[in-house]
Novice: 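Can you keep this structure in mind? I'll have questions shortly.
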Amino acid sequence: MEKIASFCVNHLTLEPGIYLSRQDKLGTQTVSTFDLRMTAPNREPVMNTAEVHTIEHLGATFLRNHPDWGGRVLYFGPMGCRTGFYLLLAGELYPRDVAELVGQMFRFIRDFTGPVPGAQARDCGNYLDMNLPMARYWAGRYLDNTLARLDDAHMQYPQ
């Protein structure tokens, strides 16, 4: 079998950023998949499942309720390696097109207080695996260390 595209990215030199992972055509519609990389793979600690799960709940809630982008959101969820998240949006889009949206989402997560949406037994299959303080930490770290300094090198996969 052929290696899938995401396994062809050089994870030894990949740094946190916003990357266009792929674009797929579904009929006449384009779906853009973004790699929201939050840690340097194989060089920095990965996020624990509790904060990843919390970021997923908060991020998905924010995105699907966004007045301008909510109708274009197809998916937001974690990478299995726990170094970031995938964001799938309808449309032919590029990292610069979504940088402000991503920043808004992570500011929402960093500043969130109160009960995590969907963190009840009736709503979630693993509702006890949540860590809001660490989700807020990771969101702030991504905002300060990555999004505040986002440049072309952190929006194009390394060769």
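Nothing fancy with the numbering, it's 1 onward along the sequence. Keep in mind that this is a model prediction, so the values were computed, not measured.
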Novice: Do Arg72 and His66 have side-chain heavy atoms sitting under 4.5 Å apart?
Specialist: no
Novice: Not counting sequence neighbours, which residues clear salt bridge (Lys or Arg N to Asp or Glu O under 4.0 Å) with Arg96? List them please.
Specialist: Asp152
Novice: Taking the side chain as every heavy atom from C-beta outward, state whether Phe62 and Pro117 have any pair of such atoms under 4.5 Å apart.
Specialist: no
Novice: Output yes when a side-chain donor or acceptor of Arg37 lies under 3.5 Å from a complementary backbone atom of Gly17, and no otherwise.
Specialist: no
Novice: Report the residues that fulfil side chain to side chain donor-acceptor pair (under 3.5 Å) with Ser32, sequence neighbours left out, ordered by chain and then residue number.
Specialist: Gln23
Novice: Say you draw a straight line from SG of Cys81 to CE of Met47; how long is it, rounded to the nearest 0.5 Å?
Specialist: 8.0 Å
Novice: Could I get the full list of ring-ring contact (aromatic ring centres under 6.0 Å, His included) partners for Tyr19, not counting sequence neighbours?
Specialist: Tyr157
Novice: Rounded to the nearest 0.5 Å, what's the gap from CG on Leu93 to OG1 on Thr30? Could you check?
Specialist: 9.0 Å
Novice: Is Val31 isolated, or which residues cluster with it under the ILVMFWY side-chain rule of less than 4.5 Å, directly or via members?
Specialist: Leu26, Leu74, Tyr75, Met79, Tyr86, Leu88
Novice: How would you list, by chain and number, every residue that makes a salt bridge (Lys or Arg N to Asp or Glu O under 4.0 Å) with Arg64, sequence neighbours excluded?
Specialist: none
Novice: Run the side-chain contact (heavy atoms from CB on, under 4.5 Å) test against Asn126 and tell me which residues pass, sequence neighbours left out.
Specialist: His53, Asp129
Novice: Looking at Thr39 and Trp138, what are the two nearest heavy atoms and their distance?
Specialist: CG2-CZ3, 3.5 Å
Novice: Taking a hydrophobic cluster as the set of Ile, Leu, Val, Met, Phe, Trp and Tyr residues connected by side-chain heavy atoms closer than 4.5 Å, whether directly or through intermediates, do Phe85 and Val46 fall within one such cluster?
Specialist: no
Novice: At their closest point, which heavy atom of His57 faces which heavy atom of Gly118, and how far apart are they?
Specialist: CE1-O, 3.2 Å
Novice: Test your reading of the model: is there a side-chain donor-acceptor pair from Arg43 to the backbone of Pro41, 3.5 Å cut-off?
Specialist: yes
Novice: Kindly give the heavy-atom pair with the smallest separation between Met105 and Leu36, and that separation in Å.
Specialist: CE-CD1, 4.0 Å
Novice: Identify the two heavy atoms, one from Pro16 and one from Glu44, that lie closest to each other, and give their separation to 0.1 Å.
Specialist: CG-OE1, 4.2 Å
Novice: Between Thr54, Leu132, Leu58, which is the residue that forms a side-chain contact (heavy atoms from CB on, under 4.5 Å) with Ile109?
Specialist: Leu58
Novice: Distance check, rounded to the nearest 0.5 Å: Thr49 atom OG1 versus Met130 atom CE?
Specialist: 10.0 Å
Novice: Using the test side chain to side chain donor-acceptor pair (under 3.5 Å), find all partners of Glu92 that sit at least two apart in sequence or belong to another chain.
Specialist: Tyr94
Novice: With Thr13, which residues qualify under side-chain contact (heavy atoms from CB on, under 4.5 Å), at least two apart?
Specialist: Asn10, Pro158
Novice: Could you tell me whether the side chain of Asn48 and the main chain of Glu51 form a donor-acceptor pair under 3.5 Å?
Specialist: no
Novice: Residues in side-chain contact (heavy atoms from CB on, under 4.5 Å) with Asp151, at least two apart?
Specialist: Ala153, His154
Novice: State plainly whether one hydrophobic cluster holds both Phe34 and Val9, where clusters connect Ile, Leu, Val, Met, Phe, Trp and Tyr through side-chain heavy atoms under 4.5 angstrom apart.
Specialist: no
Novice: Calculate, to the nearest 0.5 Å, the distance between atoms CD and CG belonging to Gln29 and Asp24 respectively.
Specialist: 11.5 Å
Novice: Are Val73 and Phe106 grouped together when hydrophobic residues (ILVMFWY) are joined by side-chain heavy atoms under 4.5 angstrom apart?
Specialist: yes
Novice: With sequence neighbours left out, write down each residue that passes side-chain contact (heavy atoms from CB on, under 4.5 Å) with Asn42, or none if nothing qualifies.
Specialist: His11
Novice: What is the distance from atom OH of Tyr137 to atom CG of Asn131, rounded to the nearest 0.5 Å?
Specialist: 12.5 Å
Novice: Tell me if a side-chain donor or acceptor on Asp123 pairs with a main-chain N or O of Ala119 at a distance below 3.5 Å.
Specialist: no
Novice: In Å, rounded to the nearest 0.5 Å, how long is the span from CZ of Phe7 to CD of Glu2?
Specialist: 13.5 Å
Novice: Output every pair passing side-chain hydrogen bond (donor to acceptor under 3.5 Å, both in side chains) with a member in residues 107-122, not counting sequence neighbours, ordered by first then second residue.
Specialist: Glu100-Arg107
Novice: For Asp68, what residues pass the side chain to side chain donor-acceptor pair (under 3.5 Å) criterion, not counting sequence neighbours?
Specialist: none
Novice: In terms of hydrophobic clustering (I, L, V, M, F, W, Y; side-chain heavy atoms under 4.5 Å; direct or indirect links), are Leu150 and Leu87 co-clustered?
Specialist: yes
Novice: Kindly work out whether a path of hydrophobic side-chain contacts (I/L/V/M/F/W/Y, heavy atoms less than 4.5 Å apart) joins Trp69 to Ile18.
Specialist: yes
